[in-house]
Each structure stands twice: as C-alpha cells, then as structure tokens.
S.K.: 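Can you read through this structure? Questions will come right after.
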Amino acid sequence: MKKDLAKTYDPKEVEDRIYNFWLKGEYFSAKTDENKTPYTIVIPPPNITGKLHIGHALDETLQDIIIRHKRMSGYSALWVPGTDHASIATEAKIEEAMRKEGLSKEKLGREEFLKRAWIWKEKYGKSIIDQLKKLGASCDWHRTRFTLDEGCSAAVREVFVKLFEKGLIYRGERIINWCPNCKTSISDAEVAFYEKEGKFWHIRYKIANDNGFIELATTRPETLLGDTAVAVHPEDERYQNLIGKSVILPLIGRKIPIIADSYVEKDFGTGVVKITPAHDPHDFEIGLRHNLPIINIIDEKAKINENGGKYANLTLPAARDAVVNDLKKEGHLIKIEPIVHNVGSCYRCKTVIEPRISKQWFVKMKPLAEPAIEYVKAGKIKFVPERFEKIYYHWMENIKDWCISRQLWWGHRIPAFHCRDCGKITVTRDKTTICSHCKSLNIKQDEDTLDTWFSSALWPFSSLGWPEKTRDLSYFYPTHTLVTGYDIIFFWVARMIFSAIEHTNNVPFKTVFIHGLIRDEQGRKMSKSLGNGIDPLEIIESYGADALRMALATNVGPGNDIRFSYDKVLANRNFANKIWNAARFIRINIENEIIEEDLPTNLMLEDKWIINLFNTLVKEVTENLEKFELGLAIAKLYDFTWDKFCDWYIEFAKIRLNNGTSAKEAKCTLVWVMKNILKLLHPFMPFITEEIYTSLPHKEEALTISRYPEFSKELFYEKDQEKIEKIIEIIRAIRNRRAELNVAPSKKTKIYIATDFTNDFKGCEAFFTKLAYGTEIFIDKDFNIPETLTIISTNAKVYIPLGELVDRQAERQRLQKQLEKCEAQLMQAENKLENDEFLAKAPKHVIEKISNNKNSLCLQISRLKSEIDSFL
RNA sequence: GGACGCAUAGCUCAGCUGGUUAGAGCGCUCGCUUCACACGCGAGAGGUCAGGGGUUCGAGUCCCUUUGUGUCCACCA
C-alpha cells in the first residue's frame with residue numbers, strides 16, 4: 001500500500017513518476033514473440049523544427065489509445081517512434097538562427113552548416129521525444145529512429161538506385177516550382193494557392209508585315225522578355241486570319257509566331273495568350289506541342305538573367321516596373337485593370353513561386369500510381385473514414401512526375417556522381433570515387449539533396465530496418481494502422497503507399513485512420529501569425545496529460561476538425577478527480593483488508609446490477625475501439641464511471657458499508673468494478689489509472705500490461721435494480737419541486753410504496769431511507785392513506801405524507817399534466833401495435849418493447865386517473 | 001469549374017449498420033458544508049434535429065432538392 005491518496009488528484013506529482021515506472025519495467029518494448037500476433041503503428045515522425053503543437057498531441061493521443069488497447073489485449077504491440085529531419089523547414093530555421101549571429105550558409109560552407117544542423121537535431125529531436133513522454137506516449141524508445149540516420153539513409157539510397165535502374169528516376173530540364181526565398185525547387189504538392197489582388201496589364205503586340213496589332217492581357221508583364229509565341233484558340237473567328245503569322249515582341253523586337261492551341265479560352269481576356277515556356281507550366285506544355293524555343297529569363301535568385309537584355313539583374317518587381325514603364329512609353333500599354341487571382345506560393349514560407357526551367361531529378365509517377373490505386377480499390381488498405389479514399393484516388397489518378405531534388409544541404413544527398421570527363425552519371429548505393437562508365441576519377445557527387453518526403457515515404461519499412469532483412473521487419477511489417485491528419489494525405493500517405501508496394505511488394509499499413517485539424521476556440525486555424533497556437537505542455541502542466549488526452553479524443557466526429565476548448569479539458573480534469581475520489585473512497589473503506597480478485601458468489605442485487613452494466617460496457621467499448629470510434633467509447637466510459645458507478649453504485653454500497661450487511665461483498669464488488677474501470681480507461685487516461693491501480697489490491701505488476709477486460713456471458717444478470725433507482729429519482733424530484741412544495745432535504749418522511757413487485761423492493765428499504773430521505777419505509781400491494789403526496793410510476797405508486805405542505809391544486813395540475821403525457825405516449829404505442837405492417841416487418845424486440853411499454857402506460861394511466869379523482 | 005464536409009439545446013459538439021420519450025460538456029434556474037469528491041451532490045428549464053419533397057410499418061439517421069457555411073483539388077494567361 002502506498003501513501004494515502006490526496007483529496008484532489010495532482011497530475012504533476014504523479015505523471016513523471018508513473019512514466020519512469022513504465023520505462024523501468026520496459027513495458028513498451030515489443031518482442032518478436034511468435035506466440036503473439038503483432039500490432040504495429042509507426043509514428044508520423046514529428047519535424048525537428050521546434051516543439052510539438054496541439055495537433056501532434058491529438059495525433060499521438062489517438063495512436064497511444066490504440067496501441068495501449070492492443071498491448072493490453074494480448075498483441076505484441078509496437079509503436080515505433082522517431083523524428084523527421086524535415087529538410088526544407090529545418091534548414092530555414094537553422095538559417096534564421098544563423099542570421100541572428102550574422103552568419104549565412106554561404107559563409108559557413110556545406111560541411112560547417114551540416115555540423116550545426118546535427119547539433120540542432122540533437123537538441124530539438126530530444127526535446128520532442130521528451131514531449132511525447134509527457135503526453136504518455138507508449139512508444140518503444142529502443143527503436144527510436146530518425147529519417148536521416150544511417151539506416152534510413154541506406155534505405156533512401158537503395159530506393160534511389162533501384163528506381164534509377166528501373167528508369168523510374170530520371171534527370172531532366174523541366175519547368176519546376178522555384179521558391180525564391182528557400183532558393184530551391186519544390187514539388188507541385190508543396191505549392192499552395194492564395195487569392196491575391198493583382199493587375200491585369202493589357203498590351204498590344206504589333207503584327208509583323210502588317211499595320212495591325214493584337215491585344216492580350218497578362219498578370220506578369222515582365223515575363224514578356226521570355227515570350228516565344230502568342231496563342232489563340234484554333235476556332236476563334238476573330239483571329240483566323242492571323243494564325244501562322246508573326247508578331248513583333250515589344251521592347252525586345254523578337255519576331256514570334258501566332259499559334260493556335262485549344263488551351264486558350266476564347267472568352268477569357270482578349271482570347272490571346274502570350275506564351276512564355278520557361279516560366280509557366282502551361283506555356284511549357286504548349287511550347288512542347290509547338291516546338292517553341294525556351295528562353296529562361298529568371299535566375300535562382302528571382303532576378304532577370306542575361307537573356308533579359310537591358311533588364312538583366314533587376315529583381316522581378318523592379319523588372320516589372322521597368323517593363324511596364326517602357327511599354328507605356330512606347331505606346332504598347334493599353335490599360336491596366338485590377339484582378340483578383342490565385343497565386344501559387346511556397347507552402348512553407350508563402351513566397352510567390354516562380355516557375356522556371358531547371359535541371360532536376362524526377363520520379364516517374366504513372367507506373368507507381370497504378371498499383372497504388374489498385375491496392376486501395378481491392379481493399380488491401382482501408383481509409384477510416386472511408387470518404388478520404390476519394391481524395392486519395394483523385395490525387396493518384398491525376399498525378400504528375402515528382403520533382404525530388406532540392407537545392408538544399410540538410411537532407412539525403414543524391415547518390416549520383418557526375419563525371420567531368422565523359423559527362424555521364426554514376427548512381428550508386430555506396431560512396432564512389434570512380435566513374436562507372438569511363439573509370440575516370442574526375443567525378444563529383446550531385447550537389448542536391450532529396451525532397452524530405454522521399455525519405456518519409458519509406459518510413460513504415462525503413463524504420464523497421466529495411467533494406468536489411470531484419471527480424472523486426474519480418475515480424476512487425478506490414479504495420480497495422482497509420483494515424484494522421486487529412487492534410488498530409490498527398491504529401492505522405494499516398495507516397496508511403498506507392499513506395500511500399502514498389503519496394504516491399506506489400507502494403508505499408510492496413511488501415512489509415514484519418515483525423516481532422518485542431519482549431520482554436522473561435523474555429524480559426526492555428527497559426528504563428530495569429531499567435532493562437534496552443535502549447536500542449538502548458539495544458540499538461542495545468543490540467544494533466546490525461547485531461548488533455550481526453551479533451552482531444554472526446555466528442556469528435558470522424559475526420560472532422562476539432563475546436564479546442566478549455567471547457568473540455570476542465571471537464572476531463574474534473575473527471576480524473578472523480579475517479580480519484582471514487583478510488584479514495586474505496587481505499588478508505590477497505591483499509592487493509594484482503595480483497596479477493598474473484599467475485600464472491602452471494603452478491604446482492606445491486607452488485608449484480610453494476611457488474612452486469614460493466615459487462616455490457618466492456619462489450620460496447622471494445623467494439624467501438626475496434627471500429628476506431630474512440631469518442632463513443634469515451635462517452636460510454638464517462639457515463640458509466642460517473643453516473644452508474646459513482647452516483648448510484650457507490651451510494652448503494654455505502655449503506656452496507658455502514659450497517660455491515662454483506663459488506664464484504666460490497667467491498668469486493670467495489671474493488672472489482674473499480675479495477676476493471678481502470679483497465680478500460682487506461683488507454684485513454686494512462687497516468688491516473690496506473691497510479692490508482694497500484695494503490696489498490698492487485699496481482700499484476702502494472703496496469704499497462706494487464707489484460708483488457710473481456711465481455712463475459714456468465715456475468716449476465718437481470719437488472720431490476722433500475723426499478724428502485726426510478727422510484728428514488730421520482731421521490732427526489734417531487735421533493736425538489738420547490739415552487740410547489742418547498743420541502744427541505746432535512747425534512748424526512750415516511751414512504752409508502754405500493755407495488756405488484758413487492759419482492760423486488762423488500763429488503764431494499766435502506767436505499768430509500770438513505771437516498772430518498774425516508775424515515776420508515778412500507779412496502780405492500782396497496783395502501784389507503786389520505787392526505788399524502790402520491791407519485792405514480794410505471795412499477796409503483798408512492799405515498800409520501802407531506803400533509804399540509806402539499807398544495808392540492810398544484811398537485812392535481814401536475815398529475816393532470818402527467819396523465820396527458822402518458823396518454824399521448826400510449827396513443828403512439830397503440831398506433832404502432834395496431835399497424836399490421838409494423839407487426840409484420842418490425843423486429844421482434846422492437847415490438848416487444850413497445851408492447852411492454854403500452855402495458856405499463858395503461859397501468860400508470862389508470863392509477864393517475866383514480867388519483868386525480870381523489871383530489872376532487 | 002470539380003469533389004467532399006458541416007448545419008441537432010444559449011454555446012461547443014456527440015449520435016455506430018434507420019427502431020421506445022434525441023444525448024454530453026459548459027452556461028442557466030432552484031436546493032444542498034449528505035461522513036470519496038464544491039474539480040462536488042440532488043432537482044430542473046431549454047431542441048418542430050436548416051427549409052422542402054421522397055423511400056419506409058418507422059427517418060436526426062437513407063435518397064432528391066433548396067439555402068447557408070467550410071475545406072480540398074483544378075484554374076483564371
């Protein structure tokens with residue numbers, strides 16, 4: 001026995017101690033045990049950019065609930081933890097920190113920069129792991145991985161080489177999204193569109209060998225410097241005679257063709273489009289179709305390059321001003337109109353993306369996407385909720401090649417070596433100094449690193465040791481469930497799926513459990529600029545991790561966004577305290593008695609009642625957990641614990657603990673139910689449940705590895721206890737009707753219960769004295785007592801001699817109202833029971849219920865009527 | 001333009017494959033220092049489940065439609 005439980009639960013005193021207790025016991029380290037079924041979850045590795053936010057807290061909580069439940073259900077449950085190097089995001093953070101010291105990447109050089117990055121990783125990686133522990137995450141820390149560790153890097157090289165050899169990775173000059181701020185290419189998925197106010201510049205181009213002009217409009221006049229054609233729709237009557245002719249590009253004087261392409265919309269603008277293949281993805285496609293020259297005019301710093309003639313070296317905004325000015329001067333600018341349009345921006349830094357032609361590495365997606373679609377269609381991977389499959393299909397079916405090279409330093413350096421002699425590329429798993437084509441030693445590794453998602457795509461198997469054939473991999477892979485937010489289905493989930501199929505010939509996971517995003521109390525997205533982010537550690541500090549976990553997982557629709565609310569946290573903090581005090585009550589009462597693990601045979605009705613309810617609860621909660629309906633499970637646990645166990649059973653039990661009648665059985669039941677509640681609740685509220693468990697008589701060394709309760713048919717008792725509850729409730733209600741009766745609780749009365757079920761009530765008198773303010777309780781088939789307050793319920797008629805306190809007029813009205821209500825309900829029931837189709841088609845139990853209901857309503861009505869008459 | 005959500009008590013939201021009288025938390029009203037807990041106990045008030053139509057013996061739940069609202073994808077040269 002441990003020290004006395006304090007009056008209020010203090011999570012701060014408990015949580016770290018309990019977590020260390022778990023660590024010491026090695027309870028979270030999963031064994032490759034052939035006698036057990038494996039259940040694996042890999043964590044979506046948090047970025048090492050900073051600290052965990054509330055969204056992580058949600059994600060980790062859900063995973064922890066699932067994995068703890070599985071661990072307690074006899075699985076060899078493994079939750080693989082780890083962190084993500086997050087190349088672009090981390091590199092930006094490190095650069096930002098360096099700037100404060102007056103340093104820059106260029107000054108430092110690659111090697112020194114990477115040294116700093118690793119120091120950063122150590123610091124922030126560790127702090128993230130610490131935060132996960134604070135949340136209660138039951139990860140197997142021995143298996144902690146990092147996307148840039150040696151094993152994951154080997155996996156990345158293996159995949160790169162395999163795909164390259166298969167022709168699925170290629171290097172080429174393509175139009176890519178260039179972030180001028182991050183100074184790197186980014187993938188299509190990393191471009192976000194934001195609505196912006198801009199201008200629409202109407203410009204005229206002179207038609208060559210003609211006096212006429214053609215008018216077009218653009219939002220980016222500076223790109224005119226790279227125009228190599230002007231396009232119209234092939235069926236546009238206005239321009240039929242111009243197709244095939246040329247125009248003279250203003251300011252530059254270059255002669256460029258007028259081409260016809262159905263991409264052009266006749267009804268938008270003037271129906272004429274300037275074509276800049278180097279700086280617009282669509283123009284690039286058109287350029288390919290029409291064999292147009294490509295003139296790159298923007299360099300990697302987003303400045304005009306030497307192809308821009310006199311505009312060279314100008315930044316883009318400056319170039320725009322200059323070009324517009326010159327156009328105006330030369331009379332080519334017709335008008336400027338305001339326009340609201342969507343502008344592609346870097347999803348990390350929100351800088352406007354400049355599409356430009358650049359030599360990059362790509363993954364050919366079509367051959368990878370096809371099986372990835374098939375696997376999901378065949379049900380080998382299931383999305384929960386199912387609707388997210390559509391989003392996945394849509395993206396996969398319209399996928400374009402994936403630009404994977406980044407002009408960054410923090411990441412997996414591309415394992416390709418360029419030969420300065422023969423110009424060919426050697427792609428290899430291991431570092432090499434020799435060109436595989438011409439054996440020259442004059443080679444140099446590619447400067448670029450890989451998209452950070454390239455390594456996260458391999459996470460479910462690379463984190464288990466792939467490409468080595470490890471025991472972990474053969475036992476724990478494929479993993480079972482992936483838990484993540486819908487915001488990274490494209491970035492991550494989809495890429496894990498096609499990667500796993502390609503490289504392991506298997507699914508990465510069987511189920512994808514998708515949750516929503518957390519919003520602030522006003523329903524806004526959390527963001528740095530709004531400063532409305534919530535630090536989970538602060539919540540844990542003030543309310544405890546259990547309260548936070550419950551607040552995040554409760555009352556949440558599947559896949560829906562969640563509005564964070566302190567009210568919810570507070571409610572669950574209070575719930576924790578409720579459990580704490582129930583346990584405290586039990587401990588005070590059992591003192592040092594030995595309590596048997598097994599239930600005694602001679603239980604009282606109320607004992608059987610609560611055990612039976614618990615048994616049903618086990619069944620339902622388990623089903624809910626299997627279906628990922630965590631919120632429903634919590635609602636049931638909350639209701640059972642608070643309402644059924646604390647408010648009713650403990651109150652019933654007090655009577656026997658006080659008067660000594662079968663007190664032993666009451667204590668056994670209290671301990672038994674309490675311990676089992678702790679088990680059911682443990683996945684949700686691990687800290688407090690473990691703490692209480694060890695303070696109660698127990699055999700198992702830790703709750704966290706104890707066996708989850710199972711539904712038992714043998715425990716199924718009838719539940720007549722509820723008849724008594726109903727009567728108690730209505731007595732309380734009538735006494736509480738202050739406006740009419742004004743009965744103080746201290747005023748106790750005799751209670752007469754007239755019922756056909758006398759046997760069910762005999763022996764339960766104490767319940768009414770204790771819980772319904774009774775002095776003496778009389779139970780019989782009938783009574784004839786004048787001047788009493790009468791309460792009619794379905795099973796009984798209760799007389800309370802409140803004498804002069806009763807307002808007879810009000811009481812009659814009350815009964816009349818009750819009668820009307822009963823009659824209306826009876827009518828509904830009768831209508832149904834007289835309906836042949838209902839009788840023919842409705843299931844038996846529904847008919848039975850309604851029919852029983854009808855009978856008791858009839859009884860109640862006749863009693864009410866005679867009662868009302870007596871008031872006349 | 002396409003797809004997908006959401007609309008249920010004053011507020012924030014649950015409500016699983018359709019089945020008695022629709023729930024929770026907070027808030028509100030009334031009463032209570034009842035020997036586990038005021039982070040508590042007891043009793044209440046409050047909902048034509050956005051509108052309309054349909055399927056069904058039966059609809060908050062399924063279908064169609066309207067309105068409002070949100071998100072994602074595509075796209076605006």
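First the proteins, then the strands, lettered A, B, ... as listed; each starts at 1.
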S.K.: I'd like to compare against my own output: the B/S/- annotation of nucleotides 15-20 of chain B with a strict under-4.0 Å heavy-atom distance to protein.
M.R.: SB--BB
S.K.: Closest approach to the side chain of Val273(A), judged atom by atom: which nucleotide of C41(B), A77(B), A36(B) is it?
M.R.: A77(B)
S.K.: Going by heavy atoms closer than 4.0 Å, what residues in residues 215-223 of chain A are next to RNA chain B?
M.R.: Ala217(A), Thr218(A), Thr219(A)
S.K.: Whole-Å distance between U71(B) C1' and Phe193(A) CZ?
M.R.: 16 Å
S.K.: Rounded to whole angstrom, note down the C1' distance from G46(B) over to U29(B).
M.R.: 11 Å
S.K.: Taking donor-acceptor contacts at under 3.5 Å, does the side chain of Lys7(A) reach the base of A36(B)?
M.R.: no
S.K.: Atom CZ of Phe490(A) and atom P of C73(B): how far apart are they, to the nearest Å?
M.R.: 6 Å
S.K.: Anything below 3.5 Å on both distances counts as a pair; with that, list the stems of at least three consecutive Watson-Crick or G-U pairs involving RNA chain B.
M.R.: B:1-7 with B:67-73, B:10-13 with B:23-26, B:28-32 with B:40-44, B:50-54 with B:62-66
S.K.: Can you work out whether Phe585(A) or Gly631(A) has the more 5'-proximal nearest nucleotide on RNA chain B?
M.R.: Gly631(A)
S.K.: Minimum heavy-atom separation for Glu591(A) and Ile588(A), please, with both atom names.
M.R.: CG-O, 3.1 Å
S.K.: Could you tell me whether Asp647(A) contacts a base, only the sugar-phosphate backbone, or nothing, with contacts defined as non-hydrogen atoms closer than 4.0 Å?
M.R.: sugar-phosphate
S.K.: Could a donor-acceptor pair under 3.5 angstrom be found where the side chain of Asn577(A) meets the base of C37(B)?
M.R.: no
S.K.: State, to 0.1 Å, how close Glu651(A) and Asp647(A) come at their nearest heavy-atom pair, and which atoms those are.
M.R.: CG-O, 3.1 Å
S.K.: Say you pick atom C1' in C32(B) and the same atom in A24(B); how far apart are they, in whole Å?
M.R.: 24 Å
S.K.: Considering non-hydrogen atoms only, spot the tightest contact between Leu833(A) and Leu839(A) and give its length.
M.R.: O-CD1, 3.2 Å
S.K.: How would you label the contact of Glu651(A) with the nucleic acid (heavy atoms, under 4.0 Å): base, sugar-phosphate, or nothing?
M.R.: base
S.K.: Sticking with atom P, work out how far C35(B) lies from G18(B), rounded to a whole angstrom.
M.R.: 49 Å
S.K.: Could you check which of U71(B), G42(B), A24(B) has an atom nearest any side-chain atom of Tyr773(A)?
M.R.: G42(B)
S.K.: Step by step, work out the side-chain contact (heavy atoms from CB on, under 4.5 Å) result for Ile391(A) and Phe383(A).
M.R.: CA-CA 11 Å; Ile391(A) 295 177; Phe383(A) 281 71; over 6 Å; no
S.K.: Out of U71(B), C76(B), G23(B), which has the shortest distance to the side chain of Asn555(A)?
M.R.: G23(B)
S.K.: Taking atom P of A74(B) as reference, at what distance in whole Å does atom CD of Glu397(A) sit?
M.R.: 14 Å
S.K.: Holding to salt bridge (Lys or Arg N to Asp or Glu O under 4.0 Å), I want the full list of residues that pass it with Lys400(A), two or more places apart in sequence or in another chain.
M.R.: none
S.K.: Report the distance from atom NZ of Lys266(A) to atom C1' of A77(B), rounded to the nearest whole Å.
M.R.: 17 Å
S.K.: Students often get this wrong, so: under 4.0 angstrom with heavy atoms, is Val340(A) touching a base, only sugar-phosphate, or nothing?
M.R.: nothing
S.K.: Using the ring-ring contact (aromatic ring centres under 6.0 Å, His included) definition, which of the options Trp402(A), Tyr347(A), Trp395(A) pairs with Phe490(A)?
M.R.: Trp395(A)
S.K.: How close or far is atom P of C35(B) from atom CD1 of Ile588(A), stated in whole angstroms?
M.R.: 12 Å
S.K.: Indicate whether the side chain of Glu190(A) and that of Ser187(A) have a donor and an acceptor atom separated by less than 3.5 Å.
M.R.: yes
S.K.: If we take the C1' atom in both G70(B) and A77(B), what is their distance in whole Å?
M.R.: 29 Å
S.K.: Using the P atom on both, measure G25(B) against C6(B) and round to a whole Å.
M.R.: 24 Å
S.K.: Verify the contact: side-chain N or O of Lys525(A) to OP1 or OP2 of C72(B), cut-off strictly under 4.0 Å; return yes or no.
M.R.: yes
S.K.: Rounded to the nearest 0.5 Å, how far does NE2 of His341(A) lie from CD of Glu197(A)?
M.R.: 9.5 Å
S.K.: Could you walk me through whether Asp561(A) and Tyr486(A) pass the side chain to side chain donor-acceptor pair (under 3.5 Å) check?
M.R.: CA-CA 10 Å; Asp561(A) 284 354; Tyr486(A) 61 71; 2.8 Å; yes
S.K.: Starting the side chain at C-beta, find the nucleotide from C39(B), U71(B), C57(B) nearest to Asn574(A).
M.R.: C39(B)
S.K.: Under 4.0 Å between a Lys/Arg side-chain N and an Asp/Glu carboxylate O for Lys636(A) and Glu629(A)?
M.R.: no
S.K.: So does Tyr393(A) get a side-chain nitrogen or oxygen closer than 4.0 Å to the phosphate oxygens (OP1/OP2) of C73(B)?
M.R.: no
S.K.: Can you tell me which residue among His233(A), Arg289(A), His282(A) is in a side chain to side chain donor-acceptor pair (under 3.5 Å) with Asp261(A)?
M.R.: Arg289(A)
S.K.: When you compare G60(B) with A43(B), how far apart are their C1' atoms, in angstrom units rounded to a whole number?
M.R.: 28 Å
S.K.: Rounded to the Å, how far apart are Asp567(A) CG and C39(B) C1'?
M.R.: 13 Å
S.K.: Here's a test of your reading of the structure: between Ala582(A) and Glu521(A), which maps to the more 5' nucleotide of RNA chain B?
M.R.: Glu521(A)
S.K.: Are Glu729(A) and Lys726(A) close enough for a salt bridge, meaning some N to O gap below 4.0 Å?
M.R.: no
S.K.: Is the shortest side-chain heavy-atom distance between Val264(A) and Val272(A) below 4.5 Å?
M.R.: no
S.K.: Tell whether Arg573(A) reaches the base of C39(B) with its side chain through a donor-acceptor pair below 3.5 angstrom.
M.R.: yes
S.K.: In whole angstrom, give me the gap between the C1' atoms of G68(B) and U56(B).
M.R.: 29 Å
S.K.: Taking the six-membered ring of Phe645(A) as reference, does the NZ or CZ atom of Lys578(A) fall below 6.0 Å from its centre and within a 45° cone about the axis?
M.R.: no
S.K.: Side-chain atoms of residues 566-573 of chain A: list all donor-acceptor pairs with protein atoms under 3.5 Å, sequence neighbours left out, distances to 0.1 Å.
M.R.:
unit_1    : atom_1 : unit_2    : atom_2 : d
Lys568(A) : NZ     : Thr554(A) : O      : 3.1
Asn572(A) : ND2    : Lys568(A) : O      : 2.8

S.K.: What's the gap between U17(B) and C62(B) when it is taken at their C1' atoms, as a whole Å value?
M.R.: 11 Å
S.K.: Looking at side-chain heavy atoms only, is the closest gap between Val273(A) and Leu216(A) below 4.5 Å?
M.R.: no
S.K.: Pull out every protein N or O sitting under 3.5 Å from an N or O of nucleotides 2-4 of chain B, one pair per line with the distance.
M.R.:
unit_1 : atom_1 : unit_2    : atom_2 : d
C4(B)  : OP1    : Lys390(A) : NZ     : 2.6

S.K.: Picking from G25(B), A36(B), C39(B), which would you name as closest to the side chain of Tyr638(A)?
M.R.: G25(B)
S.K.: Quick one: is Trp642(A) getting a side-chain N or O under 4.0 Å of the C41(B) phosphate, OP1 or OP2?
M.R.: yes
S.K.: Between P on A24(B) and CD1 on Ile634(A), what's the gap in Å once rounded to a whole number?
M.R.: 17 Å
S.K.: Is Arg563(A) near enough to C13(B) that one of its side-chain N or O atoms lies under 4.0 angstrom from OP1 or OP2?
M.R.: yes
S.K.: So Phe575(A), base contact, sugar-phosphate only, or nothing? Heavy-atom distance under 4.0 Å.
M.R.: nothing
S.K.: Provide, to the nearest angstrom, the distance between the CD1 atom belonging to Ile514(A) and the P atom belonging to G5(B).
M.R.: 14 Å
